[in-house]
Student: 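Questions regarding the structure given below will be posed in turn.
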Amino acid sequence: MIRAIKGTRDILPPESKLWSQVEATAREVFELYGFSEIRTPIFESTELFSRGVGQDTDIVSKELYTFEDRDDQSLTLRPEGTAPVVRATLEHHLHQELQILKLFYLGPMFRRERPQKGRYRQFHQIGAEVLGSDNPAIEAEVLEMLDLFLKKIGIQDFDLLVNSIGCSKCRPAYLEVLSRAIQEKAASFCVDCQRRMQTNPLRVLDCKVPACQPMIDSLPSISDFLDEECRAHFQKFLFYLESRGIPFKVVPRLVRGLDYYTRTTFEITSQALGAQNTLIGGGRYDGLAEALGGAPTKGFGFALGLERILLVLQQAKLEQQEF
């Protein structure tokens with residue numbers, strides 16, 4: 001009998017109804033904040049992800065589903081949604097129509113990861129992007145929107161973790177110090193960290209292997225290396241969160257695993273998921289449009305994993321409630 005491919009799953013009733021409810025709530029809340037839906041192709045030019053996400057990231061180096069079509073063009077099933085949205089924005093000149101462009105998307109993504117709880121090789125994301133502004137008030141507004149969305153679908157117990165990873169001006173000095181500190185303990189890190197320390201030592205901070213955590217906790221903090229502009233941007237961001245009544249925790253070693261992030265990064269986590277506890281992740285990516293060949297365009301966004309959201313809802317036995 002033919003079965004579903006490893007790392008994929010069928011979404012059956014009554015679970016499919018809950019999926020539809022969550023998606024409908026996302027549309028309702030995001031549109032309330034001025035976002036419009038965009039739909040991009042499931043496969044794109046491989047170059048989009050190698051240039052946008054980063055050639056040395058785990059996603060590009062190990063996890064892409066890539067193939068050549070009959071015209072010998074290298075194509076890749078999309079592993080994430082931000083680079084395609086920015087590509088579409090540049091291609092169709094959407095950013096020229098409005099000073100600030102707000103877009104959201106829903107759909108399947110593909111990464112050849114090791115299947116585990118709440119993580120599949122075909123998985124589904126809901127994400128949103130704000131293009132055209134580097135105002136930290138925009139960042140706080142997006143997080144207010146996420147706070148409303150999560151509470152509206154019935155998830156009350158979650159934590160917002162925030163950090164600034166600096167910019168291209170102040171980050172090099174930190175990377176030099178960080179690299180030296182990691183090299184001193186290289187033998188104690190996992191194999192992936194030993195590879196990351198050669199390509200981008202910042203990604204070592206994103207390691208989830210329990211044995212690496214004591215070493216990571218002892219590494220230098222980027223907070224001590226932020227320049228005046230990045231520090232001021234982050235402090236304004238925190239002020240706007242406080243003024244909106246959004247609780248948060250500053251985590252100096254919080255980074256994101258993709259190359260395009262700069263300055264503000266964040267994660268929303270839930271203890272209901274155990275060790276792999278991230279529900280939503282995102283941040284600022286002011287250099288992504290340039291990396292894709294476009295004009296400089298400020299950007300901020302996030303993606304949430306639908307499978308993980310549904311896992312929290314199911315564990316809390318909220319599927320019978322209407323929201």
Side-chain angles (χ1 to χ4, degrees), residues 7 9 15 18-19 22 25-26 57-59 63 79-82 109 111 113-128 139 142-165 189-190 192-193 196 202-219 221-222 238 241 246-258 261 264-283 301-319 323:
R9 62 189 290 259
E15 183 185 7
L18 187 57
W19 278 67
V22 171
T25 303
T57 59
D58 287 351
I59 291 175
E63 298 172 356
E80 59 93 43
T82 299
M109 309 292 164
R111 299 181 193 175
E113 297 183 288
R114 181 174 62 85
Q116 53 186 295
K117 183 180 180 181
R119 179 173 292 180
Y120 301 90
R121 291 177 176 176
Q122 175 178 307
F123 59 100
H124 299 77
Q125 285 186 344
I126 299 177
E139 303 169 6
V142 169
L143 289 167
E144 179 186 70
M145 179 178 76
L146 285 173
D147 184 81
L148 175 61
F149 165 73
L150 289 173
K151 290 175 178 176
K152 199 170 181 64
I153 63 173
I155 298 178
Q156 303 289 333
D157 187 15
F158 55 88
D159 298 303
L160 170 61
L161 314 179
V162 299
N163 190 29
S164 174
I165 58 172
F189 281 97
C190 68
D192 282 337
C193 281
R196 292 170 185 144
L202 194 65
R203 291 203 198 94
V204 172
L205 303 180
D206 198 37
C207 179
K208 307 300 184 186
V209 175
C212 291
Q213 300 312 304
M215 282 83 72
I216 291 174
D217 289 341
S218 68
L219 293 173
S221 170
I222 196 169
L238 299 183
L241 288 180
I246 302 173
F248 62 87
K249 179 181 180 181
V250 177
V251 180
R253 291 175 178 81
L254 174 66
V255 298
R256 302 296 299 155
L258 309 182
Y261 283 112
T264 306
T265 59
F266 75 91
E267 288 184 358
I268 295 179
T269 63
S270 169
Q271 297 305 313
L273 293 175
Q276 298 289 336
N277 62 355
T278 302
L279 284 177
I280 307 172
F302 69 86
L304 62 87
L306 262 173
E307 282 82 359
R308 293 191 175 193
I309 291 287
L310 271 292
L311 194 59
V312 172
L313 290 175
Q314 289 164 339
Q315 288 181 350
K317 297 182 179 179
L318 295 175
E319 61 266 40
F323 43 82

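What you see is a predicted model, and the numbers here were worked out from it, not measured in a lab.
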Student: Less than 4.5 Å apart, any side-chain heavy atom of Arg111 and any of Arg119?
Tutor: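 Contact flag for Arg111/Arg119 side chains = no.
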Student: What are the two closest non-hydrogen atoms of Gly283 and Phe266, and how far apart are they?
Tutor: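 Closest pair (atom of Gly283, atom of Phe266, distance): N-CE2, 3.8 Å.
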Student: Less than 4.5 Å apart, side chain to side chain, heavy atoms only: is that true for Thr264 and Val162?
Tutor: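 With C-beta onward as the side chain, the pair stays apart.
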Student: Would you mind reporting whether Phe149 and Leu304 have side-chain heavy atoms less than 4.5 Å apart?
Tutor: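 SC-SC contact between Leu304 and Phe149 confirmed.
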Student: Could you pull out the closest heavy-atom pair between Gly81 and Gln125, with the gap in Å?
Tutor: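 Gly81 and Gln125 have their closest heavy atoms at N-OE1, 4.0 Å.
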Student: Within the structure provided, determine whether Leu146 and Leu160 are in side-chain contact (heavy-atom separation under 4.5 Å).
Tutor: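 Heavy-atom side-chain distance check fails, nothing below 4.5 Å.
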Student: Nearest 0.5 Å please: distance from the CG atom of Leu205 over to the CE atom of Met215.
Tutor: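 One gets 12.5 Å once the value is rounded to the nearest 0.5 Å.
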Student: Quick one: pull up CZ in Arg9 and CZ in Phe123 and give me the separation to the nearest 0.5 Å.
Tutor: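 Separation between the atoms: 14.0 Å.
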Student: Thr265 versus Val255: any side-chain heavy-atom pair under 4.5 Å?
Tutor: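 Of all side-chain heavy-atom pairs linking Val255 with Thr265, none is under 4.5 Å.
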Student: When you measure from the side chain of Asn163 to the backbone of Pro252, do you find a donor-acceptor pair of N or O atoms at a distance under 3.5 Å?
Tutor: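 The answer is yes, because a donor-acceptor pair under 3.5 Å joins these two groups.
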Student: Indicate the atoms forming the closest heavy-atom contact of Ser164 with Ile222, along with that distance.
Tutor: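 Taking every non-hydrogen atom into account, O-CG2, 3.2 Å.
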Student: Considering only heavy atoms from C-beta outward, does the side chain of Arg308 approach that of Thr278 to under 4.5 Å?
Tutor: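 Contact flag for Arg308/Thr278 side chains = yes.
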Student: Would you check if the side chain of Glu267 reaches a backbone N or O of Thr269 as a donor-acceptor pair within less than 3.5 Å?
Tutor: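 Not confirmed, Glu267 side chain does not pair with Thr269 backbone.
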Student: Is it the case that atom CG in Asp217 sees more than 12 heavy atoms from other parts of the structure closer than 6.0 Å?
Tutor: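 Check passes, neighbour count above 12.
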Student: How would you list, by chain and number, every residue that makes a side chain to side chain donor-acceptor pair (under 3.5 Å) with Gln213, sequence neighbours excluded?
Tutor: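 Gln213 satisfies side chain to side chain donor-acceptor pair (under 3.5 Å) with no other residue.
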Student: Run the side chain to side chain contact (heavy atoms under 4.5 Å, CB included) test on Ile216 and Cys207 for me, step by step, so that the C-alpha distance in whole Å, both residues' side-chain angles and the decisive distance to 0.1 Å come before the verdict.
Tutor: CA-CA 8 Å; Ile216 291 174; Cys207 179; 3.9 Å; yes
Student: Does Leu219 offer a backbone N or O that forms a donor-acceptor pair with the side chain of Arg253 under 3.5 Å?
Tutor: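 Yes, because the side chain of Arg253 sits within donor-acceptor range (under 3.5 Å) of the backbone of Leu219.
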Student: Residues in side chain to side chain contact (heavy atoms under 4.5 Å, CB included) with Glu144, at least two apart?
Tutor: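 Testing Glu144 for side chain to side chain contact (heavy atoms under 4.5 Å, CB included), a comparison that skips the adjacent residues, returns Tyr33, Arg244, Ile246.
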Student: Enter the distance from Leu306:CG to Leu279:CG here, rounded to the nearest 0.5 Å.
Tutor: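 The CG atom of Leu279 is 11.0 Å from CG of Leu306, to the nearest 0.5 Å.
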Student: Just wondering, do Leu150 and Ile280 contact through their side chains at under 4.5 Å, heavy atoms?
Tutor: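 In contact.
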Student: Give me the atom names and distance for the closest heavy-atom approach of Asp157 to Ser270.
Tutor: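 Smallest interatomic distance, heavy atoms only, reads O-OG, 4.0 Å.
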Student: If you define the side chain from C-beta out and look only at heavy atoms, does anything of Phe158 sit under 4.5 Å from Lys151?
Tutor: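 Yes. Closest side-chain heavy atoms under 4.5 Å.
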Student: Return the CG to CD1 distance between Asp147 and Ile155, rounded to the nearest 0.5 Å.
Tutor: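 If we round to the nearest 0.5 Å, Asp147:CG and Ile155:CD1 are 11.5 Å apart.
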Student: Give a yes or no answer on whether the side chain of Glu307 reaches the backbone of His124 with a donor-acceptor pair at less than 3.5 Å.
Tutor: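 Checked: pair present.
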Student: Would a distance-only check, ignoring hydrogens and angles, find a side-chain to backbone donor-acceptor pair under 3.5 Å from Arg196 to Val204?
Tutor: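 Such a contact is absent between Arg196 side chain and Val204 backbone.
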Student: Please round to the nearest 0.5 Å and tell me the distance separating atom OG1 of Thr82 and atom OH of Tyr261.
Tutor: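 Between Thr82 OG1 and Tyr261 OH, I get 5.5 Å after rounding to 0.5 Å.
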Student: If we ignore hydrogens and angles and just use 3.5 Å, is the side chain of Arg121 paired with the main-chain N or O of Glu113 as donor and acceptor?
Tutor: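 Yes, Arg121 side chain to Glu113 backbone: donor-acceptor pair under 3.5 Å.
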